[in-house]
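Contents: one structure, followed by commentary.
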Amino acid sequence: MIATVTDPPFTTGLSRWACILPDHISPTAAKAYLGCSLRFYFERVACIRKATPVALHLGKAVHAALQAFHLARWRGTDDSPEAIATAFDKAFTDLERDEGPVNFDDDAEREKCRADGLRVVAAYLDSPEAMKEKPRAVEVLLKEDIPGLSVPLTGAMDLVEGSFTPVDFKSAAAKPDPGNAAFDHEIQLVSYQLLLEAATGESPPSLDLVFVVKTKTPQVIRVSSPPADAHRKHRVIALLETAVEGIVSNRYNPQPGMQCSWCQYKNECMAWLPSQRQERRVA
Ligand code: SF4
């Protein structure tokens, strides 16, 4: 006897993107896909909205404040600590309105988060890392064809220094280990190098991350890594293409690991089964 197993309670199904090349790939999307393709599906294909985690909300507001500072340096406008604190507060409330709700337990947690953000931003402005000169570019969005990639590569660099060094800013709860930090962000850093080289013909002298760390006394730590050689570029292009192929093939499956501890899609993940209608023989 043949028994037909009916559709599972949740499947990734055939998304509207299935079998269609995405029109670009970004290092952020590729890293998300390679980290857990099913979570990528929930977030970016099914677009299942969840309350914003507090740490993510704080990181975005800090990022907006640093962007305001770098833009002010670039334009020669007001880059005083007061102006940047105002930019932080505006981003904090605008993000709640536009991307919220945020997972705050109560008003006290919200106020602590806001105060932490202001401390971290002030620490950056006080640090030797705060840009003194005019940057070459701020929030640079590039889209380039890269040999070996079947779709264009896109990336948004936080800052490009005068020397053509791309800099990306990260908020962190603990001091980063430099070796691990560079390895963790390899796809992003090397993608920026590929984009800069394709767009300008210039090779950056280094690929930099600046961490603003939300410890009791906030710290600002720069992690520099050397520009990628041919092997590293080839490896990153292969990783980006692996993500493109997975998306085109509609390949979304659970990839259990450490990231599950902070994943907001555990219920949907537990309900997942492969989408193909299955048949099995029952004796
Ligand atoms: S719980 Fe883990 S395996 Fe499931 S979607 Fe989230 S990150 Fe992926």
Side-chain angles (χ1 to χ4, degrees), residues 12 15 17-46 56 59 140-158 160 164-170 172 176-200 202-211 223-263 265 269:
T12 51
S15 79
W17 307 113
C19 308
I20 301 171
L21 272 181
D23 67 0
H24 66 271
I25 187 76
S26 70
T28 312
K31 189 174 178 190
Y33 179 86
L34 296 169
C36 177
S37 56
L38 186 58
R39 183 181 162 150
F40 175 95
Y41 175 86
F42 293 140
E43 268 180 351
R44 292 170 181 252
V45 182
L56 178 62
V140 191
L141 183 60
L142 291 177
K143 183 174 184 178
E144 297 289 338
D145 289 320
I146 303 294
L149 256 188
S150 53
V151 295
L153 176 63
T154 58
M157 282 162 247
D158 290 343
V160 179
F164 278 101
T165 298
V167 184
D168 206 72
F169 291 86
K170 306 285 182 197
D177 171 79
N180 283 337
F183 187 78
D184 276 357
H185 298 286
E186 175 81 349
I187 296 179
Q188 186 180 28
L189 293 173
V190 177
S191 291
Y192 289 171
Q193 178 179 346
L194 291 166
L195 286 166
L196 275 176
E197 287 176 347
T200 68
E202 299 282 342
S203 286
S206 72
L207 309 171
D208 288 10
L209 298 162
V210 172
F211 288 85
V223 175
S224 295
S225 44
D229 59 11
H231 172 86
R232 280 172 67 199
K233 289 182 196 175
H234 192 166
R235 179 175 176 277
V236 165
I237 291 168
L239 286 168
L240 292 164
E241 187 63 17
T242 301
V244 172
E245 285 170 4
I247 295 165
V248 172
S249 312
N250 204 34
R251 204 160 50 231
Y252 302 113
N253 53 274
Q255 289 163 244
M258 278 175 58
Q259 72 274 13
C260 299
S261 316
W262 55 86
C263 178
Y265 297 98
C269 182

Leu189, Val140, Leu209, Leu207 screened by side-chain contact (heavy atoms from CB on, under 4.5 Å) with Pro166, the one that passes
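Of all the options given, the one that passes is Leu207.
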
Which pair of non-hydrogen atoms, one from [X] and one from [Y], has the smallest distance, and what is that distance?
X: Ala29; Y: Phe40; result: O-CE1, 3.5 Å
X: Asp177; Y: Asn180; result: OD2-N, 2.9 Å
X: Ala199; Y: Glu144; result: CB-OE2, 3.5 Å
X: Pro227; Y: Pro205; result: CD-O, 3.2 Å
X: Pro254; Y: Cys269; result: CB-SG, 4.0 Å
X: Glu241; Y: Gly148; result: OE1-O, 3.9 Å

Whether Tyr252 and Tyr41 hold their rings parallel, tilted or perpendicular, with breakpoints at 30° and 60°:
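Judged by the thresholds at 30° and 60°, the geometry between Tyr252 and Tyr41 is tilted.
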
Could you state the interatomic distance from [atom1] ([X]) to [atom2] ([Y]), rounded to the nearest 0.5 Å?
X: Leu239; Y: His234; atom1: CG; atom2: NE2; value: 10.5 Å
X: Ser150; Y: Ile237; atom1: OG; atom2: CD1; value: 11.5 Å
X: Arg39; Y: Trp262; atom1: CZ; atom2: CH2; value: 8.5 Å
X: Ser26; Y: Leu240; atom1: OG; atom2: CG; value: 8.5 Å

Side-chain donor/acceptor pairs under 3.5 Å, residues 190-197, sequence neighbours excluded:
unit_1, atom_1, unit_2, atom_2, d
Ser191, OG, Ile187, O, 2.7
Tyr192, OH, Ala156, O, 3.0
Tyr192, OH, Asp168, OD1, 3.4
Tyr192, OH, Gln188, NE2, 3.0
Gln193, OE1, Ala228, N, 2.6
Gln193, NE2, Glu197, OE2, 3.0
Gln193, NE2, Ala228, O, 3.2
Glu197, OE1, Lys233, NZ, 3.0
Glu197, OE2, Ser203, OG, 2.8

Assess, by modelled atom type and distance only, whether the side chains of Ser224 and Asp208 contain a donor and an acceptor separated by less than 3.5 Å.
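There is such a pair between these side chains.
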
Ignoring hydrogens and angles, tell me if any N or O in the side chain of [X] forms a donor-acceptor pair with the backbone of [Y] under 3.5 Å.
X: Gln255; Y: Leu34; value: yes
X: Thr154; Y: His24; value: no
X: Asp158; Y: Phe169; value: yes
X: Thr242; Y: Ala238; value: yes

Salt bridge (charged side-chain N to carboxylate O under 4.0 Å, His left out): which pairs involve residues 242-257, sequence neighbours left out?
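Every candidate salt bridge (charged side-chain N to carboxylate O under 4.0 Å, His left out) pair involving residues 242-257 fails, so no pair, neighbours aside, qualifies.
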
Would you list the pairs meeting salt bridge (charged side-chain N to carboxylate O under 4.0 Å, His left out) in which at least one residue belongs to residues 184-196, sequence neighbours left out?
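Residue pairs passing salt bridge (charged side-chain N to carboxylate O under 4.0 Å, His left out), neighbours aside: Glu186-Arg232.
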
Walk me through whether Ile247 and Ile25 qualify under side-chain contact (heavy atoms from CB on, under 4.5 Å).
CA-CA 10 Å; Ile247 295 165; Ile25 187 76; 4.2 Å; yes

Might you work through the side-chain contact (heavy atoms from CB on, under 4.5 Å) test for Arg44 and Tyr33, ending with a clear yes or no?
CA-CA 10 Å; Arg44 292 170 181 252; Tyr33 179 86; over 6 Å; no

